[in-house]
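Side-chain atoms are counted along with the backbone in the values below, which use heavy atoms only and exclude waters and symmetry mates. Throughout, numbering of the chain's residues begins at 1 and tracks the sequence.
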Amino acid sequence: MAINSKQKGARFERALASILKDYGYDARRTAQYCGNTGDAADVIGLDGIHIEAKHQGRMQLYDWMDQAVRDAKGSDKLPAVFHKKNNADILVTMRLEDWIELYRDWEGLDG
């Protein structure tokens with residue numbers, strides 16, 4: 001990965017953490033090595049959600065989701081990819097089964 005891509009990714013992670021803070025969550029960018037934080041997520045602060053953050057023009061959504069699933073394995077967190085391309089809104093992608101779990105929790109139903 002080129003230095004500019006790494007810098008762009010780091011900027012997006014910081015921006016995403018800032019946006020989540022604006023919503024009232026205690027979010028922050030993590031160190032990018034599991035050994036430093038014990039968490040492989042790019043951004044932490046949403047309980048129960050493993051955040052994989054990507055700011056790239058070329059969509060590799062299934063690869064990114066595979067990474068989020070792999071990194072969240074063994075935890076109780078649901079993997080989610082927060083992604084955007086230049087001059088576009090941030091989108092969140094989850095597997096259907098995980099989204100249904102969140103929706104049922106919101107409805108007050110047992111999953």
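With rounding to the nearest 0.5 angstrom, the CZ atom of R11 is 7.5 Å from the CG atom of N4. The OG1 atom of T30 lies 7.0 Å from the CZ atom of R28; values are rounded to the nearest 0.5 Å. Annotation: the span from D71 atom CG to K73 atom NZ amounts to 11.5 Å, rounded to 0.5 Å. A distance of 11.5 Å separates NE2 in H50 from CD1 in I44, rounded to the nearest 0.5 Å. Taking CG of L102 as the reference point, atom CD1 of I49 lies at 5.0 Å (rounded to 0.5 Å).
The two residues A10 and R29 have their closest heavy-atom pair at CB-NH2, 3.5 Å. When all heavy atoms of A17 and A27 are compared, the pair lying nearest together is O-CB, 3.7 Å. Closest of all the heavy-atom pairs between F12 and F82 is CE2-O, 3.5 Å. For D89 against K84, the heavy-atom pair with the smallest separation is O-CB, 3.7 Å.
Considering only heavy atoms from C-beta on, L20 comes within 4.5 Å of L46 through its side chain. When side chains are defined from C-beta on, I19 does not count as touching Y25, because their heavy atoms never get closer than 4.5 Å. Under the 4.5 Å side-chain criterion, counting only non-hydrogen atoms from C-beta, L78 is in contact with M94. Looking at I90 and H83, their side chains never come closer than 4.5 Å, going by heavy atoms from C-beta outward. Contact annotation: the side chain of D42 never approaches that of L16 to less than 4.5 Å [non-hydrogen atoms, C-beta and beyond].
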Can you give each donor-acceptor pair under 3.5 Å made by side-chain atoms of residues 58-67, sequence neighbours left out, with the distance rounded to 0.1 Å?
from: Q67; atom 1: OE1; to: K54; atom 2: NZ; distance (Å): 3.4
from: Q67; atom 1: NE2; to: E52; atom 2: OE2; distance (Å): 3.1

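D98 pairs by the side-chain hydrogen bond (donor to acceptor under 3.5 Å, both in side chains) definition with R95, not counting sequence neighbours.
The number of heavy-atom neighbours closer than 6.0 Å to CG of D47, taken from other residues, nucleotides and ligands shown, is 12 or below.
Residues L91 and Y23 do not share a hydrophobic cluster, defined by chaining ILVMFWY side chains whose heavy atoms lie under 4.5 Å apart. By the criterion of side-chain heavy atoms lying less than 4.5 angstrom apart, applied directly or through intervening Ile, Leu, Val, Met, Phe, Trp or Tyr residues, I51 is not grouped with V81; the two fall into different hydrophobic clusters.
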